[in-house]
Protein chains: 2
Amino acid sequence: MKNKVAISPETDPGVRSRIVEHAASLSPQQRKIADYCVAHMQEIPFLSVPELAERTGASEATVVRFCQRIGYTGYSDLKMALVDLIREEMNASSPASAGFESAAQDKDFLAAMARLEQQNIERTLDSIDRQTFSHVAASLFKADHIFTFGLGISAFLADYAAYLFTEYGMRSTCLATRYTSPREQLVALRPSDLVFAFSFPPYSRQTLEVLEEVGRKGVPTAVITDKPTAPAAALAKETLVVSSHGMSFNNATSAANVLLNALVLEIASRHQGETTDAISRINQILREQTYVVET
Amino acid sequence: MKNKVAISPETDPGVRSRIVEHAASLSPQQRKIADYCVAHMQEIPFLSVPELAERTGASEATVVRFCQRIGYTGYSDLKMALVDLIREEMNASSPASAGFESAAQDKDFLAAMARLEQQNIERTLDSIDRQTFSHVAASLFKADHIFTFGLGISAFLADYAAYLFTEYGMRSTCLATRYTSPREQLVALRPSDLVFAFSFPPYSRQTLEVLEEVGRKGVPTAVITDKPTAPAAALAKETLVVSSHGMSFNNATSAANVLLNALVLEIASRHQGETTDAISRINQILREQTYVVET
DNA sequence: TGCTAAATGAAATGAAAATTTCATTCAAGG
DNA sequence: CCTTGAATGAAATTTTCATTTCATTTAGCA
């Protein structure tokens, strides 16, 4: 667990209560500072002594004396307390931060892996550019045919993506390397198509070659990768970056999965008619084939 | 839901897009910094140059140079941009936007999907019986050959599982239905083998038949499914239940993924020699084949 | 009025951060 | 093999910040 250095809930009454507690013993200038603090608590972590002094009309010296009066060693100390608070706030909404460090130390690999993937998902959610996201969704829907591609671990994602797109009524094929090279399969590629690649470490050279060639032909490309600086990012028209921090060499793919699922949902919501039609037809087919076991 | 005080990409005019934009022109060290920034955007406002340098393994000078390369005058400038963002966020969500969030979530499929999968992972973590988990891990390692099987969406999991097991030095094959039925492929099955099935709605009848037949032969079976009452659970010797609540018909598979990754980690930790040998051999092969693009 | 003690800000000091300089390393191209 | 230019980190420099010192002011009080 994290070190709450010197500010454990028991010993730290909190900035606000300290101010209230010592309100009586504050000098006029210090009071102005106190008032500003309670009114703009969230601002403090980003303010320096000179700034706060300027905003309250007091001198820098008085700001520091105020901090000491209410029980901190100085302004840095008070600020740190508030920084910790704000950090807690930020992490509070995700279950991810709960106890990753401790889990990783234990032998509970399930817990460690779970926390890790929750964090990956959280980071991805924070860092995906929504505009790019929407744009990719639109491009996917617009495309005549979506060719998905990936090698190594990324192959599973490519496969899954093609499956998903098809289920949602789009035409999609995964460029498999079973019999022919992907580039052979792309000879008939048209500008109205789209190539959707997945590139995770260890980055395959072939994926980059495909992206490069397709791009040269003027066919739209999109890539899901793990870093904005990944080699594939430079070659694709659109890049979606997902967090993929792994414990070992096997990459964490949950975030990419989430992203894919979200993409098709986005598409489905924008084009209700076409997609729900496709989905219900598929469901019906499954039933007709007695594929499904009823529950 | 808690107030999320974080940088949201929609309102980010600068930092992220500047990084993506200039990604190509960044030097190796600068890339490391760029990657850290996008992955830990919320941290930056609280980090100093020395701290960031230490975390990324680059020098302080390089940190500053990175900021300048992507268009800021220096680190202070970049930090200010992020501070402004965080302040905006806080002001936007602080007042009284409790109801606003749910409305916003309706349209943010990425966020919705992310929360859903995080919950699935959380629930799985809570509900998996650790003893069964360990036992399955042991059985997998003990098996001469692991046959994985799944249909529909479960096929991807089966495929991935076979891949993972192989990477970790075990023998494993996914029973594909491309040319022959799975039952044909199982004629040579021996009691020292193991069949690992995946069964998610819509439950396929074929999966149940395979499990039943294999079980009759006295060959160990394990299944990952979504409910303890799922039809496959009754037929397999070992059952691992993962939470898989989905928004639409496409099942949420993140939890199953996490479980698989955790399983191989567990196995790897118990049998260090064999697995790490296999992994390092694989890594070497990848390098020899110039498959990998170095970064 | 004159004395005292707290309060205050200007400026000095000390500390840490940010930026620049410079010598070294490294890689690409002649 | 040598040259050249980019990249890099160590260290110097500059800037900014936090804290302390000190002289001045102010209010309370005999």
Side-chain angles (χ1 to χ4, degrees), chain A residues 5-7 15 18-19 22-37 40 43-84 86 227-229 231 234, chain B residues 14-15 18-19 22-37 40 43-84 86 290 292-295:
Chain A
V5 188
I7 306 164
V15 180
R18 285 198 194 193
I19 289 176
H22 295 85
S25 75
L26 294 178
S27 71
Q29 289 293 92
Q30 291 178 344
R31 242 164 238 175
K32 292 202 298 184
I33 300 167
D35 290 342
Y36 188 92
C37 281
H40 305 92
E43 291 275 305
I44 308 298
F46 308 112
L47 258 44
S48 65
V49 170
E51 281 169 329
L52 183 54
E54 198 257 327
R55 282 171 206 229
T56 56
S59 72
E60 304 178 16
T62 305
V63 168
V64 175
R65 283 192 280 257
F66 159 74
C67 300
Q68 293 167 338
R69 178 69 58 90
I70 66 171
Y72 294 95
T73 68
Y75 184 73
S76 310
D77 194 20
L78 179 149
K79 191 155 134 183
M80 274 232 289
L82 287 173
V83 164
D84 283 352
I86 237 185
K227 291 183 293 207
T229 61
Chain B
V15 181
R18 284 194 198 195
I19 288 177
H22 294 85
S25 77
L26 294 177
S27 70
Q29 290 294 94
Q30 290 178 344
R31 258 159 224 223
K32 292 202 298 188
I33 300 166
D35 292 336
Y36 188 92
C37 282
H40 305 92
E43 288 278 304
I44 306 297
F46 305 111
L47 256 45
S48 65
V49 170
E51 281 169 328
L52 183 55
E54 200 256 328
R55 280 169 207 232
T56 57
S59 70
E60 303 179 15
T62 304
V63 168
V64 175
R65 281 193 280 257
F66 159 74
C67 300
Q68 293 167 338
R69 178 71 58 91
I70 65 170
Y72 295 95
T73 69
Y75 184 74
S76 310
D77 195 18
L78 179 150
K79 195 155 134 182
M80 274 233 290
L82 287 173
V83 165
D84 285 350
I86 240 184
T290 67
V292 175
V293 176
E294 300 293 345
T295 34

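Nothing here was measured: the structure is a model prediction, and the numbers come from that model. Just the heavy atoms: all of them, side chains too, but no hydrogens, waters or symmetry mates, feed the values below. Proteins get letters first, then strands, A, B, ... in listed order; numbering begins at 1 in each.
For the pair S59(A) and dT8(C), the criterion of a side-chain N or O lying under 4.0 Å from OP1 or OP2 is not met. Dashed line: the shortest gap from a side-chain N or O of S76(B) to OP1 or OP2 of dT19(C) is under 4.0 Å. Between Q30(A) and dA7(C) there is no side-chain N or O to OP1 or OP2 distance below 4.0 Å. Taking only side-chain nitrogens and oxygens, K79(A) never comes nearer than 4.0 Å to OP1 or OP2 of dC17(D).
Of the listed nucleotides (dA7(D), dG9(D), dT8(C)), dA7(D) has the atom at the smallest distance from the side chain of P28(B). Side chain of Y75(A), nearest nucleotide from dG9(C), dA18(D), dT8(D): dA18(D). The T62(A) side chain lies nearest to dG9(C) when the options are dA7(D), dG9(C), dG9(D). Comparing atom distances between the V64(A) side chain and each of dT20(D), dA7(D), dG9(D) picks out dT20(D) as nearest. You'll find that the side chain of V49(B) is closest to dT19(C), out of dT20(C), dT19(C), dA7(C).
Residue order along DNA chain D, read from the 5' end via each residue's closest nucleotide, puts E51(A) first among E51(A) and R65(A). The residue among S27(A) and T73(B) whose nearest nucleotide of DNA chain C lies closer to the 5′ end is S27(A).
Atom CZ in F46(B) sits about 19 Å away from atom C1' in dA16(C), given to the nearest Å. Spacing between atom CD of E60(B) and atom P of dA18(C) amounts to 9 Å, rounded to whole angstrom units. If you take CZ of F66(A) and P of dA7(C), they are 14 Å apart, rounded to a whole angstrom. Per the geometry, CD belonging to Q68(A) stands 7 Å off P belonging to dT19(D), to the nearest Å. Look at CZ on R31(A): it is 13 Å from C1' on dA7(C), rounded to the nearest Å. Atom pair L52(A):CG and dA18(D):C1' shows a separation of 12 Å (rounding to whole Å applied). The nearest whole Å value for the distance from the NZ atom in K32(B) to the P atom in dT8(D) is 9 Å. Protein atom CZ of R69(A) is 12 Å distant from nucleotide atom C1' of dT8(C), rounded to whole Å.
Here OG1 of T56(B) is found 7.5 Å from CD of Q29(B). Values are rounded to the nearest 0.5 Å. To the nearest 0.5 Å, the span separating OH on Y75(A) from CD1 on I44(A) amounts to 5.5 Å. A distance of 14.5 Å separates NE2 of H40(B) from CZ of F46(B), quoted to the nearest 0.5 Å.
A cation-pi arrangement is absent between R55(B) and Y36(B), since the terminal nitrogen or guanidinium carbon is not both under 6.0 Å from the aromatic centre and inside a 45° cone about the axis.
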Chi angles and distances behind the side-chain contact (heavy atoms from CB on, under 4.5 Å) call for I70(B), L78(B): CA-CA 9 Å; I70(B) 65 170; L78(B) 179 150; 3.9 Å; yes
